[in-house]
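Here's the structure we're looking at; comments come further down.
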Amino acid sequence: MAAPEVIIIGAGPSGISMAYTLKHKLGFDDFTIYEKIDGVGGTWRTNTYPGVGCDVPTILYSFHFNLNPNWSKELCDGAEILDYLEDTVDKFDLRKHMHFQIECLGANWNTKTDKWDVKFKDERTGLEFIRTSSVFISAVGGISYPRDVRFEGMDRFKGPMFHTARWDHSYDYKGKRMAIIGNGCSAAQVVPSVVKDAASVKQYARSPQWYHERPNRNFTTAETWAFRYLPLWERWKRLQLFLENDDLVSTYMPGIAASKKRALVEDHAKKYIFSRAPKKYHDFLVPDFPLGCKRRIFDPNYLDALNEPNLEVVPEGIREITESGIVSETGKNDDFDVIVLATGFQVQRFLTPMEVIGKEGKSLNQQWKEHRGAQAYMGSYVHNFPNFAILFGPNTFPAHNSALFCCEVQIEYVARTLLAPLIDRRASIIEVKGTAENQWVNSIHKQLSGSVFQAGCSNWYINDFGRNAASWPGYASTYWKETCIPHPGVFVKRGGERTWALRMLSRWLRTTSSMAYGTVALLVAFGMWRRNNGVREAVDRFVKLAVLRFRSFVPQ
């Protein structure tokens, strides 16, 4: 039985973290990452629109294995996050495992070879080819492909039209009439960034949002020094931020206590909106749906921008797009030089546009349609698809905490339950049971029932069948706890070798850090010192001798 080969699709944050885990935690080098764009970073490489940034504290939105003491501020811009991802790849020698501008078209489980045949297309040459692997991992992420929004007459517009994730930096919008369609997080970042340079901006915002303060300050020199030189200081701040963010979930759940807490947060948000936005927008801006039904927006100066004289919000949908502009639902016609689509992503369509075919010859999309939407055990494993894992998969999206934390928890789980057993050759094929998958998914939907995610507003959590295949229903810490609990009988395993225990021991010895060995040695020495008089006397003599030698070298 040969060692497994691993193919990973996507070089975004989750793909980078998985590569680090394979190489440095599992001591495994036989893996390759394929990425359709021209470098690492995923969403932080594709989303380069003006104002792009993170609405989660950057100390929290970072890898646990590579904390960065050099963050410039609490909520960093996209360019700084991309630099951090690039540095991480080089620091841990991961780039040599990566191939860029190669798109994965799909994969097929070969029942004759018990391996995955993965189909690719080289974007530079147009050549299509197949690679074979024992393990296939999707790390494409949920914010990968723009939502396919179609308005009547889109093809007729004479000027440039592009999605925020496909921002055309060659186009100079200064002094131009700009239309922005949408009012989610991307739009809230774009609007204040472009309004001062554009001649005019009209934002078509069909539904309101909940807006909250987004305090964002530069770190002081003292804070940066503490992050760099005080052991565990940044980890302590990271833990504080995690617990503060995780507590937000208590406002999203059903029950009287959650409703009261949610009402307090909503009242605070209303006061903030009224204090910043022009009065003419007050009725429109405050939602009639509960906090959390749509993703909350931590205001990147969007409400302040609404006071600019060249900005207008049109609280309507779009009837059609003409050669020169947009006609709103009420028939108001406006001309524009450029149209920007801030319409979000196909979050519900996991693995888009790949076609992955399992052991029964059925595609993943077809199987999910039969279940009324995407589903996976622990958001990671799908029955009928052996040796296959999804990162940032169904029902793993935290609406209140760092997505990167949940990805890393999931990666640790996949490493422990799939990759380590295959590397140690405890098994050659591992697949989740259909009953285990269905029972876990049903429990998740039971927990989501009655939550704000199901409150009836139009959001990206709910799919065409009315199911929430995106949200994790509780605390992010609960997801971590659940992945740590062993669940016997969940997987079907085949193959393997009798010597797997020796291979596992060898892997542990190779991958255990020198710090861990040193800690164990100190603990053993301390135990011996406490229990054995002879050892204590020997240590005392050694210390006294060392002190005498040190004094002999010091000038009196």
Side-chain angles (χ1 to χ4, degrees), residues 1-8 17-32 64-65 92-94 97 109-111 113-116 132-137 359 376-391 408-437 440 480-528:
M1 175 182 168
E5 313 94 11
V6 179
I7 283 180
I8 303 169
S17 184
M18 175 55 81
Y20 169 84
T21 298
L22 279 165
K23 189 177 185 69
H24 295 281
K25 289 191 173 182
L26 297 178
F28 184 77
D29 269 328
D30 199 2
F31 67 91
T32 307
H64 76 280
F65 58 86
F92 295 99
D93 193 27
L94 304 177
H97 295 273
W109 177 257
N110 191 323
T111 55
T113 62
D114 284 340
K115 291 189 176 184
W116 285 100
T132 300
S133 69
S134 307
V135 184
F136 180 51
I137 297 175
K359 67 179 186 181
Y377 179 76
M378 293 289 189
S380 308
Y381 300 122
V382 184
H383 71 284
N384 292 329
F385 293 79
N387 292 5
F388 171 64
I390 307 170
L391 304 182
E408 291 198 303
V409 167
Q410 192 177 22
I411 286 165
E412 291 289 331
Y413 177 69
V414 169
R416 186 172 65 254
T417 55
L418 175 67
L419 297 172
L422 293 177
I423 291 169
D424 297 336
R425 304 182 197 179
R426 197 183 319 177
S428 59
I429 296 175
I430 299 177
E431 179 190 346
V432 71
K433 293 179 180 177
T435 52
E437 178 189 320
W440 186 84
W480 168 73
K481 292 173 187 175
E482 190 162 342
T483 61
C484 293
I485 299 171
H487 295 281
V490 166
F491 297 99
V492 176
K493 300 179 181 179
R494 292 194 286 119
E497 295 179 357
R498 293 181 179 179
T499 58
W500 66 265
L502 294 175
R503 293 183 182 278
M504 181 177 68
L505 179 61
S506 173
R507 177 172 58 79
W508 282 356
L509 293 173
R510 283 185 292 107
T511 57
T512 301
S513 67
S514 57
M515 182 178 292
Y517 283 124
T519 302
V520 171
L522 284 173
L523 291 173
V524 170
F526 180 72
M528 292 176 65

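Values reported hereafter were calculated over all heavy atoms of this structure, with side chains retained and with hydrogens, waters and symmetry mates removed.
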Atom pair [atom1] ([X]) and [atom2] ([Y]), whose distance is rounded to the nearest 0.5 Å:
X	Y	atom1	atom2	value
Arg507	Lys25	CZ	NZ	12.0 Å
His24	Asp29	NE2	CG	8.5 Å
Met378	Ile390	CE	CD1	14.5 Å
Arg425	Thr499	CZ	OG1	7.5 Å
Thr21	Ile411	OG1	CD1	5.5 Å
Leu505	Arg510	CG	CZ	10.5 Å

Minimum heavy-atom distance between [X] and [Y], given as atom pair plus value:
X	Y	value
Met18	Ile137	CE-CD1, 4.1 Å
Val135	Pro4	CG2-CB, 4.4 Å
Tyr413	Tyr377	OH-CE2, 3.1 Å
Glu482	His487	O-NE2, 3.8 Å
Ala376	Val382	CB-CG2, 3.8 Å
Pro421	Ala415	CD-O, 4.2 Å

Option among Glu431, Glu437, Lys359 that satisfies the side-chain hydrogen bond (donor to acceptor under 3.5 Å, both in side chains) test with His383: Glu437
With Trp109 as partner, the option from Trp116, Phe388, Phe385 fulfilling ring pair (Phe, Tyr, Trp, His ring centres under 6.0 Å) is Trp116
Among residues at least two apart in sequence or on other chains, which ones pass side-chain hydrogen bond (donor to acceptor under 3.5 Å, both in side chains) with Asp114? none
Residue list, side-chain contact (heavy atoms from CB on, under 4.5 Å) with Lys493, at least two apart or on another chain: Ala427, Ile430, Phe491
What orientation do Phe28 and Phe31 show, parallel under 30°, tilted 30 to 60°, or perpendicular over 60°? parallel
Residue pair Glu5 / Ser134, side-chain donor-acceptor N/O under 3.5 Å: yes
I want to check something: taking the side chain as every heavy atom from C-beta on, are Asn387 and Leu418 in contact at a cut-off of under 4.5 Å? yes
